[in-house]
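Below is one structure; the comments refer to it alone.
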Amino acid sequence: MAKYREFKGLNLPEIDSEILDFWTKDQIFEKSVTSKPEDKTFVFYEGPPSANGLPGIHHVMSRTVKDLFCRYHTMKGFRVERKGGWDTHGLPIELSVEKELGITKEDIGTKISVDEYNAKCRETVMRYKDLWDDITRKMGYWVDLDNPYITFKNDYIESVWWILSQLYQKDLLYKGYTIQPYSPAAGTGLSSHELNQPGCYRDVTDTTVVAQFKTIKETLPAVLQNLGEVHILAWTTTPWTLPSNTALTVGPKIDYAVVKTFNQYTFDAINVVLAAALVEKQFGGKFKKVETEAELSNYSVNDKTIPYYIVTEVKGSELLGIRYEQLLPYVLPYQNPENAFRVIGGNFVTTEDGTGVVHTAPTFGADDARAAKEAVPEVPPMLVLDDKGNPVPLVDLQGKFRQEMAELGGKYVKNEYYEEGKAPERSVDVEIAIRLKEENKAFKVEKYVHNYPHCWRTDKPILYYPLDSWFIKATAMKDKMVELNKTINWKPASTGEKRFGNWLENLQDWNLSRSRYWGIPLPIWRNADSTEEICIDSMATLEAEIKKANTKLGLHQELPKDIHRPYIDEVVLVSSTGEAMRREADLIDVWFDSGSMPYAQWHYPFENKDKIDRGQSFPADFIAEGVDQTRGWFYTLHAIASMVFGKVAFKNVVSNGLVLDKNGVKMSKRLGNVINPFDTIKLHGADATRWYMIANAPPWDNLKFDMAGVEEVKRKTFGTLYNTYSFFALYANIDGFTFEEAEVPLAERPEIDRWIIALLNDLIKQVDADFADYEPTNAARRIEEFIDAHLSNWYVRLCRRRFWKGDYTQDKIAAYQTLYTCLEAISRMMAPIAPFFADWLYKNLNDTTGKQGAVSVHLADFPPVDASAMDAELLERMDYAQRISSLILSLRKKDNIRVRQPLQKILLPVLNAGFKEQVEAVKDLILAEVNIKTIEYITDTDGVIHKKAKPNFKTLGKKLGKHMKAAGEIIAALDQKTISAIERENAYTLEVDSEQYELNLEDFEIISEDIPGWTVATDRGITVALDVNITDELYNEGIARELVNRIQNIRKDSDFEVTDRIIVNVEDHEVVRKAISSFSDYIRNEVLANEIRLSDSFDGTMTEIVEGVEVGLSVVKA
RNA sequence: AGUCUCGUAGCUCAGUUGGUUAGAGCACUACACUGAUAAUGUAGGGGUCGGCGGUUCAAAUCCGCCCGAGACUACCA
């Protein structure tokens, strides 16, 4: 006969490896996909990790989230393909290669060739693939590791090119300037990643200037017309950018003051405009405020203080459109100079420091460039044409002023850029400051300490500099993206609505260019003067273009085998006029790689067209990654899908939080607080780790990872469930229960069976809804609660004797069936979160009974809800039973009466109709659980209940408003008669503060907290009183129970089989003699004794029965 | 600096559309229970619900400001 497996103890890691072998051998993962219908798919995208770094515990977190919803939907009958993937390009890989080889970017092309460098990157990028594959298997993450997409493969790149070409054709790709951090000393742009290296931001002392911009009178608003010359003040920490000034930006809502005073360098009378809030700050030191304009005329040049007078105030919005004379008129912008030198608005302007007016040089400031661009008409940046006719800023790539700058031409804009000892005494900042002072254009010149970024390689200050870049015109598609985002189900919702929504609202064009080596090359070729360009959309097109160029230019080029740099750079194409076209040297942003994965993973549109066009694999039903991907992968997926296909890329997205250490500190190697996922899983098992992560906090909250929590999960949830199974297996094996019998109809099973089955179905329904709603934490917590509080500590505890007592009757079969059903349903419900243990439990049950067709829980269906088994009243009365029992135990404790001592009765006040019937139905359970003989119900007609009325704040609050407080006191003081009357008539007239209110029963909560003369206990409307009188008979029965307990302990200690019959020898004693004579049958029955012998002679160990009574007791096998 | 998230017992977390005395588990103490138990029950200690102000009869809950932790974006005159 088939037996259930029995174990010595719970060993989760052992279960992991056993089940892992089973999955591999029987190809369970493959079957879980292929056994589902092809036309019912649940589409999942794997966000590709980089195998260049080691897997950490946070990867276990995000992958648990991914895995569990995929498993859940598999069990709901969907086909869930999970193609793995690897992110292989990008700066971190380049940096790690450079570190390893001990080189810098400057060495590329000299010490090492580009192809050697790229070969090294390609080699490095998969360095930890084996470790990743290992953790993937060990944590139970089901993903196809055999056919992953890899972003450096030609096929993948070809798809990316195709997507880019689609954007190109939609006119969403353009080349333009952007202001980027740039290191003139190193001759390279810097990424924000590089800028965030420690030590890059340093305090430096710079010469700062508050410059006076002279306005053109005709353009001033009326209030400023009759003052004479008016200057606007603007502050800068980089005076070298002043020649490039083309606008002044004010805050439209900011108040500006017009101040009459004298220039401290030229002593000229001036009118200046600055933010009202900053007047005192700017007019500190030698300035002194005066209250009348007349006082100004007293000023003479030799005075120690300079008077100033506030003439009036205007809003920033009134200043818009004012024109001013160019401050340092070396050159004019080559484009639309008539639109330069005017006041524009910007919401980034603050009154924290400076003058509340921002000197705007669009060529050297990102904010400046944006404000200038958004102004209508657009403010031109200060660009001039070089000798080739290309627009360039006034500072060249070495960081020197161009020759157009006359006396400043050829000088570095920062003294730090000169070679050691070559720097001039006066920096250009100082030279400019002096000139402005002389020309009545400087209001104030000061040294100022501020934080400024430095290049991490050259240690010199960086410039913000306009660099050529390719952009995707994402702003053109903003509305579409916003609209589509509203259809996406974000978990948590706030990430989608707020964080992602705000990001879309403030969308900038996507800067695609990266001046690097290891990445997807931009597939755009241009002729020398950029009048013609081509965007390649496939290998076939490239090959055709190569052939065309070969013919026209007489070359012998071939399609490169590897389309990375440097090979792709060597390809020369030909323009319509027969000119050579060369590739734009940039690579594309790696984020574009990963955002293209829905299509590129299938080599779309060159293969697998249906996957996208017919929606078999697009859009995704579900994706999940860390919340840090909001502006990363989530955005790039969304942007590309919106722009190229006009669709969302994903319908549901879970963004999980970070995994911190147990103190809430970010894990880092430096702090040594990193949790090693391999060690954790090896020690505690994958399931305990997964369960802990899911149950402890919702995935989107940060998780403070505490190993003690994993241990608790192991002990409490898995330990309890294991014990419940062990208990089942032990007795089912004895009785030979293999679920061969027909199911006992629910109606014929006892109350408690119907209860646990009703509760189980309730649980299934809720857990199913939780999973469907992407709320795994609720699901896990419900399952835990069921296993521990209900199944183990109520059902099994109360039913124990049904399993080991008596013959193999229908009641016993019902008990086995009920427990089996619960265990099996739990295994299926928990399978998404705890895939190993669930399968182990499922197989232990199903391999013996063969009830289910599926050999693995992961091939089985999620348990269906049996609506006919659900019963709200039943759940309510069992809740009563649990609470009443708990109250009785509490009363026993108060009087120090052991549970083994039977008591006669409890009193239970009946307050509402139906309560008595409900309790009657579970009466036997209560009485057995707390060892009481009877329940006596009392009603208020008995006159022993003391009722109390409490206000129902919810209903009364609305009616009474501010009289609530007074009413509460009145209601609490209502007497018995009045309360009875309210109950009888369902009406009461309350008079409070001389106002009358008609109330009904609903407005009160009537409870009975007291039964005069009895000790009572109360819990949420239920009150219990306990009769603590112990009669002789009750006493004897108590002794009998004590004897049973001692004998059972001896059996257990002697390692008797649970079925062994015994003979008991008890030393004679008055107390035990009485008990045995009255309860002999009971005792023998309980302990499986053929005989109980009382003898005067001492026999066996001395055993205390009750306090003060000690007798000799021995037990032998019959 | 901006945007967003979080802040409840020593620790991890619940806390419904605002409603009476803010809960659970872990840990600690005592007692009890156990023929499944690394389990469980009962009782106890432990809270200015981050702070201040506001709305309201009533605020952990709604609003404003501030403090702290974290993430992302940016780094600016």
Side-chain angles (χ1 to χ4, degrees), chain A residues 9-10 181 192 195 201 208 234-238 241 248-249 348-350 352-361 365-368 451-453 464 492 494-495 498-500 502-503 506 626-632 657-658 660 662 664-666 695-697 700-702 704 706 708-709 712 714-716 719-720 722-731 777 781 784-785 788-789 792-793 796-797 800-801 803-804 885-886 889-894 896 898-900 950-957 960-968 972 1005 1045 1048-1049 1051-1052 1056 1058 1086-1088:
Chain A
L10 174 63
S192 59
L195 220 53
Y201 280 84
T208 68
W235 181 56
T236 180
T237 55
T238 52
T241 61
L248 293 171
T249 308
F348 62 92
V349 180
T350 68
E352 304 262 300
D353 46 24
T355 64
V357 180
V358 176
H359 143 61
T360 303
D367 276 341
D368 305 33
N451 211 250
Y452 197 83
Y464 286 91
S494 61
T495 299
K498 305 273 182 72
R499 190 188 276 219
F500 194 63
N502 289 349
W503 164 257
N506 299 313
V627 68
D628 53 333
Q629 295 296 338
T630 307
R631 284 145 165 140
L658 274 83
L660 308 169
K662 64 175 176 180
V665 180
K666 209 176 163 182
N696 189 65
W700 34 88
D701 280 357
N702 287 349
K704 291 182 194 167
D706 188 356
E712 190 183 322
K714 180 165 72 174
R715 199 176 66 235
K716 234 176 118 60
T720 305
Y722 163 82
N723 281 326
T724 306
Y725 166 76
S726 298
F727 172 82
F728 168 82
L730 174 67
Y731 293 106
T777 304
R781 287 175 179 171
E784 272 176 4
E785 167 88 5
D788 189 30
S792 174
N793 281 306
V796 173
R797 195 155 58 87
R800 265 188 322 244
R801 51 192 300 131
F803 291 90
W804 52 261
S885 300
S886 171
L889 291 173
S890 143
L891 287 169
R892 277 182 172 275
K893 164 70 191 162
K894 237 179 243 171
N896 262 327
R898 305 177 313 276
V899 179
R900 273 194 292 266
K950 285 184 173 181
N952 179 348
F953 283 82
K954 223 166 186 170
T955 61
L956 279 176
L960 302 183
K962 62 178 130 171
H963 296 133
M964 190 66 236
K965 219 167 227 167
E1005 195 185 334
N1045 170 257
Q1048 300 288 36
N1049 286 346
R1051 283 186 63 117
K1052 198 176 174 185
F1056 287 5
V1058 293
E1086 286 294 309
V1087 302
L1088 302 183

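Order of the sequence lines fixes the chain letters, A, B, ..., with proteins taken first and strands second; residue numbering starts at 1 for each chain.
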Item to check | With sequence neighbours excluded, residues passing side-chain hydrogen bond (donor to acceptor under 3.5 Å, both in side chains) with A:Lys498 | outcome: none
Checklist entry - Of the nucleotides B:rC76, B:rC11, B:rU40, which one has an atom closest to the side chain of A:Asp706? => result B:rC11
Checklist outcome for this item: Here the distance between atom C1' of B:rC57 and atom CG of A:Asn952, to the nearest Å, is 15 Å
Item to check | Contact nearer the 5' end of RNA chain B, comparing A:Arg797 with A:Val627 | outcome: A:Arg797
Item to check | Flag side-chain contact, heavy atom, 4.5 Å: A:Thr249 against A:Asp368 | outcome: no
Item to check | Side-chain N or O of A:Asn696 closer than 4.0 Å to phosphate OP1/OP2 of B:rC13 | outcome: yes
Item to check | Separation between the C1' atoms of B:rG47 and B:rG23, rounded to whole Å | outcome: 12 Å
Item to check | Consecutive-pair stems (3 or more, Watson-Crick or G-U, under 3.5 Å) for RNA chain B | outcome: B:1-7 with B:67-73, B:10-13 with B:23-26, B:28-32 with B:40-44, B:50-54 with B:62-66
Checklist outcome for this item: Looking only at B:rU73, B:rC33, B:rU40, the nucleotide nearest the A:Trp503 side chain is B:rU73
Checklist entry - Base, sugar-phosphate, or nothing for A:Leu889, non-hydrogen atoms under 4.0 angstrom? => result sugar-phosphate
Checklist entry - Taking the C1' atom of each, how far is B:rG41 from B:rG53, in whole Å? => result 46 Å
Item to check | P-based separation of B:rU21 from B:rG2 [nearest Å] | outcome: 40 Å
Checklist entry - Side-chain N or O of A:Tyr722 less than 4.0 angstrom from OP1 or OP2 on B:rU37? => result no
Checklist entry - Taking the side chain of A:Phe727 as heavy atoms from C-beta outward, which of B:rC57, B:rA32, B:rA36 is closest to it? => result B:rA36
Item to check | Closest approach of A:Val358 to A:Ala234 (non-hydrogen atoms, all atoms of both residues) | outcome: C-CB, 4.5 Å
For nucleotides 4-7 of chain B, tabulate all protein N/O to nucleotide N/O atom pairs closer than 3.5 Å, reporting atom names and distance.
from	atom 1	to	atom 2	distance (Å)
B:rC4	O2	A:Arg499	NH2	3.4

Checklist outcome for this item: Smallest heavy-atom separation, A:Thr630 atom then A:Thr495 atom, equals OG1-CG2, 3.8 Å
Item to check | Short side-chain N/O contact to B:rU40 OP1/OP2 from A:Lys716, under 4.0 Å | outcome: yes
Checklist entry - Counting side-chain heavy atoms from CB outward, which of B:rC13, B:rG41, B:rC26 is closest to A:Arg781? => result B:rC13
Next on the checklist: Does a side-chain N or O of A:Tyr731 approach OP1 or OP2 of B:rA36 to a distance below 4.0 Å, or not?
Outcome noted: yes
Checklist entry - Would you say B:rA38 has OP1 or OP2 under 4.0 Å from some side-chain N or O of A:Arg715? => result no
Next on the checklist: Base, sugar-phosphate or nothing for A:Pro492? Non-hydrogen atoms, less than 4.0 Å.
Outcome noted: nothing
Checklist entry - Under 4.0 Å between a side-chain N/O of A:Lys950 and OP1 or OP2 of B:rU20, yes or no? => result no
Next on the checklist: Suppose you measure atom C1' in B:rA60 against the same atom in B:rA22; what distance do you get, rounded to whole Å?
Outcome noted: 8 Å
Checklist outcome for this item: Note: for A:Glu712 and A:Val899 on RNA chain B, the residue whose nearest nucleotide lies more 5' is A:Glu712
Checklist outcome for this item: Note: A:Ala695 and A:Arg781 closest approach over all heavy atoms is O-NE, 2.9 Å
Checklist entry - Between A:Ser886 and B:rU42, does any side-chain N or O lie under 4.0 Å from OP1 or OP2? => result yes
